[in-house]
Amino acid sequence: MYTTLNSPVASTSRSPTPVRQANDKNTKASVDFARFVRETFEDAYGQPAVVSATARAAAHSDVVTVEFTSVQRDFARDIKRRVSNYAVLRVEDDKVTTLTAGSPADANGAQQTCRSSTDPSLLAVLRSAGPTERFVEVWGNGALVKSISVSDKHGDFYGDSTFGSLAWSSDNSHLVYAAEKPEYDKAKSESVTDDNEAQAREDGSIGDDIVGGVAGVADPRRYKLDSDWGETFSGKRPPVLIVLNVRNSHVKVLAAPPAVSPGQAHFLPARSGAAERIVFTGYKHSTRKHGIVYCQNRPTGIFTCDLSGADVKCLYSGSVRSPRLTPSGRALVFLSTPVGGPHASTSELVYYDLETDAPSILVPLISQPLECPQELGGTHLPGGFPGLYLDQLPEHPWLHADDSPRAEVLAFTSTWRSTNVVLTLDLQRRFLSLHSPIDGSASYSMLCAANAYVVAKMSTPAMPDSLMLGQAVLAEHHKDEEDAGRIRWHHIHKPTVDANVSWQIVQADSAEKRRSTECILVHPTAPDYGTRFFWPQSCSTTSRPLVVLPHGGPHSTYTLDYNALVTGLVKLGFGVLLVNFTGSLGFGHDAVLAQIGKMDSMSIDEIQDAVNGVHAGRLADPNATVYLGGSYSGYTGALLAGLVPGFYRAIVLRNPVISIGDNAAMSDIPDWCWAELGLPYDFDSPPELTPDVYSKMWHASPSRLVDKVRDPLLLLLGASDRRVPPPQSMSYYYRLKAANAPVECKIYPSVGHPLDTVEAERDSFVSVLRFYAAALKK
């Protein structure tokens, strides 16, 4: 369901477009168009996306078993379904043969799975059966060994990449995972006997705290403010770690350290007579919780504790995440990003020696892409390397070869300009190697590693995820970069390539801008039946319509990965210009910082320069150019609507930042509003929104330009958006409506910032195309 906003028009200088009544007859042309757009949507968005994988390969064996999970939209039920599958492969020299291909199985109830590294026959599953029923399952050799109900022990599981955890202990006797902390008792009738009340002491005073639901009232802690972690975590109680004894089914809820939310837990094996411990990432919140999703700059630490949750130690503080134990068990590696400032930026890779408690930097921050291979901080880095840009390390990142048993090689994905690449770091030799193309041909994302094999997915703007098996050739003694290690890639499954989708990398004219900006132009190869509504078969490239689509963030990146929205637009005849501007990730840390304090000017200029370059190259029609942006690029679109009226034939904004000051008071990430303007922000003592600060925010906001807007503008809003709450956009809509500007607004109930429910995706896609069609006809 969606809601369309309409309000009375204050001015009578121009008659408003009449609203179609429910009993009006639709024209066949409009119905046929809507149906074709919807079918195009289902074709583009219906492709499965691989989200995780594990692999098993015995030593000195040429047989590899790959288990993988995909997400695919079910348009009949309007849900996104998780589907598990597997393949058994034989690898011989440069050839991969499929011995067994599995059948897809519905995995919607399984929130997380984890196979034991010491006994691959053991599989743990966290399963939800409805909103209140939760189970931990243990499987052995394909049969259910034990199913343990944990419904009354804690709340819902955490299965996301920030807090989600599920790991076996080294002896397979325990599991650790993350879940909502238990809910405190609600009020009970006094006729119900309560253990807490029955055990009440005779001594004490009326000022003493009480625990549990007693005296017919709720536990006093039940309604005490303990906020959630913002966007995507709305309504979820904070996480705690759970330790489950697999042998006796005992469940232990570990008390979290004060002002810390734990996640990403793993076991540390016993060393030097000491007992096994748990290592986890702790997200700190001394005053309030700031929204965490898409944010890598939050105060965190790497902590350890014993299996009862006691003896808590903080090994390393900063903005750190993804602790991974090295195969030797001697050290941890993890990612570290500067605290505060940009919400995403360049990361360091840290090595923490557990025997000496000494940290060191394996891969440092890179200010500017390296012009040639060089050694920094003792690590050899390849030429062109722009730094590390990744949210998390893979759960299973370690490679080793049968002829190099001592090698500890970390494999992972990072953004490198406008593509994602697979990198490996040999910890002994301190050698970072690139293993996928950077020539604009494809994007690779690593999923897991096992022995000498890497499982990854490869995609392009014309091809959805292709599952790949990489065969690593590791060498311990070569110093030459070419011989340091190679990965030979093989397709496990290759989907159909759309022959009518082409793309090219578009560079800026100046060498200075080329260092920090880059665009991807995706377009139909030639007009065909599918493009007939917007680019008929008799038309040339110069008459092709163009959608300008910068990314949000602003510290994000468009890569060559398959993008359903882009593919859908291209199938209908549009060229789509994906704009990576200064501040995008993958271009060096200096480029990220260059955006700070210039959020309302630098990217605006670069977006317009990119569009004008496409026009000058006769790659699109200047008179059929439209805009589409969301979040930060919704903000830049709203600015452009007021700064360059008449340039775009139509402008669509998805959950845009319209008033930075209003957003500062409502958003789950208020620090963003200070940081992007170059203003200081203290997580422990957040600053006041003073009139002076609000004035600076106002002068950088699109809301100040509302009287300049005259191009058709469509707002698409999520009613449950915590990141950019909709009241500011609704106020903007009402002001535009009062000025009789050509504006429309749709708001989707129970939908968050990404507008990513199937219904919201479908309706917004069709609405955007109908909106563009109406604007381009005029």
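Just so it is clear, the values below take in all heavy atoms, side chains as well, and ignore hydrogens, waters and symmetry mates.
Ionic pairing of E395 and R324 is present here: one or more N-O contacts between side-chain nitrogen and carboxylate oxygen are shorter than 4.0 angstrom. K284 and D684 are not joined by a salt bridge, as no carboxylate oxygen comes within less than 4.0 angstrom of a charged side-chain nitrogen. The residues R298 and D671 are annotated as salt-bridged, a charged nitrogen and a carboxylate oxygen being separated by less than 4.0 angstrom. Look at R723 and D668 and you find a salt bridge, because one of the NZ, NE, NH1 or NH2 atoms lies within 4.0 Å of a carboxylate O, short of that distance. The existence of a salt bridge linking K289 and D226 is confirmed by a sub-4.0 Å separation between a basic side-chain nitrogen and an acidic carboxylate oxygen.
Residues meeting the side-chain contact (heavy atoms from CB on, under 4.5 Å) test with N563, sequence neighbours left out: Y558, L565, V566. Residues passing the salt bridge (Lys or Arg N to Asp or Glu O under 4.0 Å) test with E518 are R417, sequence neighbours excluded.
Residues Q264 and S165 bring no donor and acceptor atom of their side chains to less than 3.5 Å of each other. Looking only at atom types and distance, the side chain of N420 has a donor-acceptor partner in the side chain of T415 under 3.5 Å away. Side chains of S584 and H551: a donor on one and an acceptor on the other come within 3.5 Å. No side-chain donor from either of Q296 and H555 sits under 3.5 Å from a side-chain acceptor of the other. No hydrogens or angles considered: nothing links the side chains of H396 and T54 as a donor-acceptor pair under 3.5 Å.
Other residues, nucleotides and ligands place more than 12 heavy atoms under 6.0 Å from the NZ atom of K80.
A heavy-atom distance below 4.5 Å is not found between the side chains of N297 and V339.
Distance OG/S347 to CG/L393: 9.0 Å, rounded to 0.5 Å. To the nearest 0.5 Å, atom OG of residue S261 and atom NE2 of residue H285 are 3.5 Å apart.
Taking the six-membered ring for Trp and the full ring otherwise, the centers of Y294 and H343 sit at least 6.0 Å from each other.
Between F163 and Y158, the angle of the ring planes goes over 60°, which puts this pair in the perpendicular group of the 30/60° scheme.
Annotation: cation-pi geometry not satisfied between K457 and Y444 (NZ/CZ under 6.0 angstrom from ring centroid, within 45° of ring axis).
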